[in-house]
*Asks:* 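Dropping the structure in here first, questions after.
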Amino acid sequence: MGRTWNGHTALISGHNGVIDTIVGWDPNSSWDAFKGSVGGRHNSMRPIAGRWRDDTGMNADPTAQYYGLQVSQTQHGNFRDFLQQDLLGTQGFGPHLNNIGVSYHYAFAPGKWMERLSSLEGNNNGQLQVISNCSDAAFHVLASFLYEWRKANLVTELASFMNNGDEKNKNMSQGRLMQWSSQMGP
């Protein structure tokens, strides 16, 4: 139900027009996410545990918008393998970050909660937390690969587009991401 109301962003890998992997960042418990947002809407939901899940069902969603780019066969294989082997089923953003003391949580309003709870945003509570919704999580993973592939201009363009919104809606990158992908074309 949440995806119908709010939308969803996932990472997709495919070859020659055939999708082979779709992985998205979701709350571990949809019920806990729902309960946490009742009454105060999305912004009131405190961060909860998140996990990368198989989102293959999105492939049949007629409302889905896709953003894709051409990469080499090796780059495709590396991205696909990362999605399938390093992200799917995990609660982090890849094995290279597993042992540095960062915890990962899901929230509908990640910007608000990062400012309040994470030392990464200047809090003195000592907690290294990444609090993300599905679109922000997908952006971070995609940005890592785009930098590796020397396509930093796409990261800059996407980040600029996502951050060019109204300050009160800084947590709503989902819609901005969809607008960007539709401007970029199939």
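None of these values were measured; they are calculated from a predicted model.
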*Asks:* One pair to check against side-chain hydrogen bond (donor to acceptor under 3.5 Å, both in side chains): Q73 and H15. What are the steps and the verdict?
*Replies:* CA-CA 8 Å; Q73 184 64 36; H15 180 67; 3.2 Å; yes
*Asks:* Mind telling me whether H140 and F93 have parallel, tilted or perpendicular rings, with 30° and 60° as the class edges?
*Replies:*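 Correct class here is tilted.
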*Asks:* Any side-chain heavy-atom pair from D20 and H76 closer than 4.5 angstrom?
*Replies:*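 They are in contact (side-chain heavy atoms under 4.5 Å apart), so the answer is yes.
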*Asks:* Verify, without hydrogens or angle tests, whether D55 (side chain) and V23 (backbone) share a donor-acceptor contact under 3.5 angstrom.
*Replies:*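 No.
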*Asks:* Mind listing the closest non-hydrogen atom pair of N28 and Q91 along with its distance?
*Replies:*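 Of all heavy-atom pairs spanning N28 and Q91, the closest is ND2-NE2, 2.9 Å.
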*Asks:* Which distance, rounded to the nearest 0.5 Å, do you find between the OG1 of T156 and the CG of L146?
*Replies:*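 Those atoms lie 10.0 Å apart.
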*Asks:* Are D54 and L88 packed together at the side-chain level, in the sense that at least one heavy-atom pair is separated by less than 4.5 angstrom?
*Replies:*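 In contact.
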*Asks:* What's the spacing between I131 CD1 and Y104 OH if we round to 0.5 Å?
*Replies:*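 Going from the CD1 atom of I131 to the OH atom of Y104 covers 12.5 Å.
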*Asks:* Determine yes or no for a side-chain-to-main-chain donor-acceptor pair under 3.5 angstrom, with R51 supplying the side chain and G89 the backbone.
*Replies:*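 Yes.
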*Asks:* Can you name the closest pair of heavy atoms from A10 and M58 and give their distance?
*Replies:*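 In terms of heavy atoms, the two residues are closest at CB-SD, 3.6 Å.
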*Asks:* Nearest heavy-atom pair of A49 and H105: which atoms, and what distance?
*Replies:*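 Closest approach of A49 to H105: N-CD2, 4.1 Å.
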*Asks:* Does Q85 reach the main-chain N or O of F82 with its side chain, forming a donor-acceptor pair under 3.5 Å?
*Replies:*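 No: the side chain of Q85 does not pair with the backbone of F82.
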*Asks:* With a 4.5 Å cut-off on side-chain heavy atoms, are I12 and T21 touching?
*Replies:*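 When only atoms from C-beta onward are counted, I12 and T21 do not touch, as no gap falls below 4.5 Å.
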*Asks:* Is there a donor-acceptor pair closer than 3.5 Å between any side-chain N or O of R46 and the backbone N or O of A107?
*Replies:*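 Checked: no pair found.
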*Asks:* Using 0.5 Å steps for rounding, measure from the CG atom of N133 to the CH2 atom of W25.
*Replies:*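 Interatomic distance, N133 CG to W25 CH2, rounded to 0.5 Å: 11.0 Å.
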*Asks:* Return the orientation label for the F145 and F79 ring planes: parallel under 30°, perpendicular over 60°, tilted otherwise.
*Replies:*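 F145 and F79: perpendicular rings.
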*Asks:* Testing the basics here: between T90 and L87, what is the closest heavy-atom pair and its distance to 0.1 Å?
*Replies:*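 Shortest heavy-atom separation between T90 and L87 comes out as OG1-O, 2.7 Å.
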